[in-house]
Amino acid sequence: MDRRGFDLIAFDGDDTLWHNERSFRDGRVRFRRLLADAGVDLSDEDVDARVSRFELANLERFGYGVTSFAMSLMETAIEATEGRISGGQVQQLIELAKRMMTEEIELFEGARDALDALHGIYPLMLITKGDLLHQTSKLERSGLGRYFTFVEVVSRKTPSVYETILNRHGVDPSRFLMIGNSLKSDVLPVVGAGGWAVHVPAALSWSHEHAEAPAHAPGRFFELTTLAELTRLVETLESAVKTARDA
Ligand SMILES: [Mg+2]
């Protein structure tokens, strides 16, 4: 008799295992100063609104990540300065993006312990959105790479993206658990695909990741304050998964 209820447990990376959003917030602050140096003094709110507009428009073509962010900053700067931004100032934006690519990785409380406790029992997968090179480099620099059997860097996190991953690995959704900070990317599509999900909200999350909690996912969706509580929850869920499966 198989003692495991889950065949695969997956984690989101950004703002679940390691800090990410605050790096983008810092980037926007530096960007505002750069605009001020270029003679355009905008409020934080105005900069946020302008950058967000370009980011949303760019998601479709450039996806998520620092490269896409940098393109959005350049477009915002061109618009805000009415084309007067100089080559030197564009270069500073590129330097800003390069710095973001190599920033130190800081883990969330309980992240390493949770992976350490679970990786001997379950195959673990990282499912993260963004630039392939940046995401794999973050994983490497985080020191968490050894806990993951599988790594999936995806362009978006929809139910069909999850279904494709699970199909490829021969995992039934009812035996799959996903942990992440985003209801929109890590919880709703997983529950929608028939899996289980744990939401660990981060203090800072990207506004585009906002969503309402699933209303019709009885017993398949859980919320934790910190990853330090995860191992105990997984132990509790084990019997629930088996009961659901045997029903
Ligand atoms: Mg995330």
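Just follow the structure's listing: the first ligand is 1, and inside any ligand the first atom is 1.
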| query | Listing by chain and number, what protein N/O/S atoms are under 2.8 Å from the Mg ion (ligand 1)? | reply | Asp12 OD2, Asp14 O, Asn181 OD1
| remark: Across all chains, not counting sequence neighbours, the salt bridge (Lys or Arg N to Asp or Glu O under 4.0 Å) partners of Arg61 are none
| Would Ile9 end up clustered with Trp18 when hydrophobic side chains under 4.5 Å apart are linked, directly or stepwise? | yes
| So, the side chain of Trp196 versus the backbone of Ser174: is there a donor-acceptor pair under 3.5 Å, distance only? | yes
| Flag, side chain of Arg28 to backbone of Val47, donor-acceptor distance under 3.5 Å | no
| query | Counting only heavy atoms not in Arg141, do more than 12 fall under 6.0 Å of its CZ? | reply | yes
| request: For the pair Asn20 (side chain) and Asp15 (backbone), establish whether a donor and an acceptor sit closer than 3.5 Å, ignoring hydrogens and angles. | output: no
